[in-house]
Amino acid sequence: MVRLLIFAVLWLSSSIWATSYPQLVCPEADAGYGRLCENRLPTKLLIRGGNVVNADRQQIADVYIEDGIIVAVEPDIKAFDEVRVIDATGHYVMPGGIDPHTHLAMPFMGQESCDDFFSGQAAALAGGTTMHIDFAVPLNGDLVAGFERYIEKAEKSCMDYGLHMVVTSWNENVAKDMDALVKEKGINSFKFFMAYKGSVMVTDEQLLQGLKKCKELGALTLVHAENGDAVAEGQAKMIELGITGPEGHALSRPSLLEGEATGRAIRLAHFVNTPLYIVHVMSIDALEEITRALQSGYRVIGEAVVSGLALNDSKLWDAEFATAAKYVMSPPIRPAGHDKALKRALTNGILKLVGTDHCPFNSTQKAAGKGDFRKIPNGVNGIEERMHIIWDIMVNSGMMTPMDFVRVTSTACAQIFNFYPRKGAILSGSDADIIILNPNATLTISSKDHHSRIDTNIYESWTMKGKITSTISRGRVVWENDRLNVNEGSGRYIPMPPFGYLFHGLDLLDLARLSSYKTPAS
């Protein structure tokens, strides 16, 4: 019956033809970024004969798309009437990637990350990511004003995006702003920095108040977990010892400080009885804290980032400042061994998803810290490379199946931040955000032809097997034949509702805790 209805809809238009629809690029397109002629694009698309992979199943099937929405996923759908047909035989057809952790056009350490909402998103689409969640920062302490500023920055966006909100202080106005952002602006997560003393770091008391407010609003608390006081002490010690190069960055903030802050945040969240999300888990020390928490039944999400999974700290010791500085991020990329532990944790579900912490600074911006590592702007690239690298190091190695890949690069993010199955799945009714991956093709990463504005790449010269040949964003083919076709302003802000699945049953846990008190309580 479903198939008959689909055929009826397709038959209503007049002429009957099926073809490999030609690439449509406006005449003004340049060599870097093509520009879609949206009024000339087909509104109907059929992806034929691919291995369609979701987080919970895979099958050989066709995917029919109309007006940016997936209409049907089933075998042998017939093509009628101006339907563009893409032959995906022998290829994987998967949900577009969702990056939970990016920083586009972010002011930080006296600089601004060099990718804006157009260049960063264009790079993402070229790498198979069709949505990301960026971090809006307050404007002079005002959260709502900071949110509106980021909406303005994103006017040039070319794909869908969401926003987390950063909280850097605590007072009555901050609490009111959090109310407004959740109830009126589609924000369902707030990030607190336990590091960067003297800048954005919050105290334990401020974090505790934030946890309570997040629980009340049904918003997820995110933390950057490093002991900021101890890091500041470590930095001063390195300078005193004359260690001023990029290696001083890693030496000043060892993994034990990440582990300590992770454990502290977990315990405070458990004290309040609210879910906690640990961003960019980079060390065995943090993993051990998360593992213990999960074994105890705590609601904790651990986020891996691709740099922590794929790299070790060896490049931070390069004699050339420019080479070493491009790897500076926080928490730091760790010594060999941590990467292997992080990959195992991703395989067995201790870490739930993979982001990038894409916060690119070019070589001239990084040079601000020459002679004092404390002034090197922290951040690396990854928004374009994430999907290919995870496929290569996790699927090609046998550590993950294609279904696992979909889960950690797309579905889990959509579920955690409460916009599944609109995104993160190839299902009838879902947005048509889709990638087609050729498992036999190869790809070599190079800063000379990537799409980010950064002039370096921490994955330079990596050659990988498995290449995304097509990216489809809301039914539009935006990456094909190694060419981008994107429009500034075509992206949408995706509001994310509160009280996702992590909040289900918290009231019952509160009642159980209350009933355990050996004293009358109202």
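No hydrogens, no waters, no symmetry mates; every other heavy atom, side chains included, goes into these values.
A ring-centre distance under 6.0 Å is not found for H388 and Y459. Taking the six-membered ring for Trp and the full ring otherwise, the centers of Y92 and W391 sit less than 6.0 Å from each other. F147 and Y493 have their aromatic ring centers within a separation under 6.0 angstrom.
In this structure, R453 and C114 approach most closely via the heavy-atom pair CD-O, 3.3 Å. Across all their heavy atoms, I472 and T130 have their closest contact at O-CG2, 3.7 Å. Considering every non-hydrogen atom in both V406 and N54, the closest pair reads CG1-C, 3.9 Å. What you find for S255 and D285 is that their closest heavy atoms are OG-OD1, 2.8 Å. The two residues L276 and L220 have their closest heavy-atom pair at N-CD1, 4.2 Å. Here the closest non-hydrogen pair linking T411 and G424 is OG1-O, 2.7 Å.
Annotation: cation-pi pair R334/Y327 absent, no NZ/CZ under 6.0 Å from the ring centroid and within 45° of its normal. Judged by the 6.0 Å distance and 45° axis criteria, K423 is not positioned over the aromatic ring of F419.
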Take N457 and E385, measure what side-chain hydrogen bond (donor to acceptor under 3.5 Å, both in side chains) needs, and give me the verdict at the end. CA-CA 10 Å; N457 196 307; E385 298 79 14; 2.9 Å; yes
Let me see the working for I494 and Y161 under side-chain contact (heavy atoms from CB on, under 4.5 Å), right down to the final yes or no. CA-CA 6 Å; I494 304 297; Y161 69 96; over 6 Å; no
Verify ring pair (Phe, Tyr, Trp, His ring centres under 6.0 Å) between Y196 and F108, making sure each step is shown before the conclusion. CA-CA 11 Å; Y196 300 115; F108 188 56; 5.1 Å; yes
Test salt bridge (charged side-chain N to carboxylate O under 4.0 Å, His left out) on E288 and R292 and set out the steps. CA-CA 6 Å; E288 290 174 345; R292 276 194 290 270; 5.0 Å; no
Give the intermediate values and the outcome of side-chain hydrogen bond (donor to acceptor under 3.5 Å, both in side chains) for residues T356 and D99. CA-CA 7 Å; T356 60; D99 189 339; 2.6 Å; yes
Take H132 and T102 through the side-chain hydrogen bond (donor to acceptor under 3.5 Å, both in side chains) test and state the conclusion after the steps. CA-CA 7 Å; H132 70 113; T102 63; 2.8 Å; yes
For the pair N438 and T469, evaluate side-chain hydrogen bond (donor to acceptor under 3.5 Å, both in side chains) and give the outcome as yes or no after the intermediate values. CA-CA 7 Å; N438 181 346; T469 56; over 6 Å; no
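A side chain to side chain donor-acceptor pair (under 3.5 Å) check over residues 236-245, counting only residues at least two apart or in different chains, returns nothing.
Heavy atoms of other residues, nucleotides or ligands lying less than 6.0 angstrom from CD of E233 number 12 at most. Counting heavy-atom neighbours within 6.0 Å of K153 NZ, excluding the residue itself, gives a total above 12. Remark: E205 CD is loosely packed, at most 12 non-hydrogen atoms of other residues, nucleotides or ligands lying under 6.0 Å away.
There is no side-chain donor-acceptor pair under 3.5 Å between H450 and E384. In this structure, a donor-acceptor pair under 3.5 Å is absent between the side chains of E247 and H249. For the residue pair S113 and H103, no side-chain donor N or O sits within less than 3.5 Å of a side-chain acceptor on the partner.
Contact annotation: the side chain of D115 approaches that of P360 to within less than 4.5 Å [non-hydrogen atoms, C-beta and beyond]. Taking 4.5 Å as the limit, every side-chain heavy atom of C413 sits out of range of all side-chain heavy atoms of Y420. Within the 4.5 Å cutoff, side-chain heavy atoms of D204 are placed close to those of R264. Inter-residue side-chain proximity for F190 and H164 is flagged as unmet; no heavy-atom pair is nearer than 4.5 Å.
Checked against R474 for a side chain to side chain donor-acceptor pair (under 3.5 Å), the options D431, D160, D433 give a single hit: D160. The side chain to side chain contact (heavy atoms under 4.5 Å, CB included) with M496 is formed by just one residue from the set L163, N418, I133; it is I133. Residue P138 is tested with T168, V174, D177 for a side chain to side chain contact (heavy atoms under 4.5 Å, CB included); the sole match is T168. Residue T463 forms a side chain to side chain donor-acceptor pair (under 3.5 Å) with just one option from T444, T442, D392, and that option is T444. The side chain to side chain contact (heavy atoms under 4.5 Å, CB included) test with T221 singles out one residue from S189, P275, C214, and that residue is C214. Partner of F117 under the side chain to side chain contact (heavy atoms under 4.5 Å, CB included) criterion, chosen from E488, M159, K156: K156.
In this structure, the side chain of E148 does not engage the main chain of A145 through any donor-acceptor pair within 3.5 Å. Remark: the backbone N or O of L287 is paired with a side-chain donor or acceptor of T291 at under 3.5 angstrom. A side-chain donor-acceptor contact under 3.5 Å links R386 to the backbone of I98. Side chain of T471 to backbone of A126: no donor-acceptor contact under 3.5 angstrom is found. Judged by distance alone, with hydrogens and angles left aside, the side-chain atoms of S473 form no donor-acceptor pair with the main-chain N or O of R476 at under 3.5 Å. Remark: the backbone N or O of Q365 is paired with a side-chain donor or acceptor of N362 at under 3.5 angstrom. Judged purely by atom type and a 3.5 angstrom limit, H358 uses its side chain to pair as donor or acceptor with the backbone of G382. Side chain of D134 to backbone of L104: a donor-acceptor contact under 3.5 angstrom is found. Side-chain atoms of H338 come within 3.5 Å of backbone N or O of I284 as a donor-acceptor pair.
The pair K197-D229 meets the salt-bridge criterion, with a side-chain N (NZ, NE, NH1 or NH2) lying under 4.0 Å from an Asp/Glu carboxylate O. A salt bridge links D404 with R407: the distance from a Lys NZ or Arg NE/NH1/NH2 to an Asp or Glu carboxylate oxygen falls below 4.0 Å. Taking the charged nitrogens against the carboxylate oxygens, D482 and K467 do have a contact shorter than 4.0 Å, which makes a salt bridge.
One finds the NZ atom of K326 at 8.5 Å from the CD1 atom of I458 (value rounded to the nearest 0.5 Å). Atoms OG1 and CG, on T409 and L353 in that order, are 9.5 Å from each other to the nearest 0.5 Å.
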Extract all donor-acceptor atom pairs below 3.5 Å that involve side chains of residues 302-309 and protein atoms in other chains or at least two apart in sequence.
{"unit_1": "E303", "atom_1": "OE1", "unit_2": "H101", "atom_2": "ND1", "d": "2.8"}
{"unit_1": "E303", "atom_1": "OE1", "unit_2": "H280", "atom_2": "N", "d": "2.8"}
{"unit_1": "E303", "atom_1": "OE2", "unit_2": "Y277", "atom_2": "OH", "d": "2.6"}

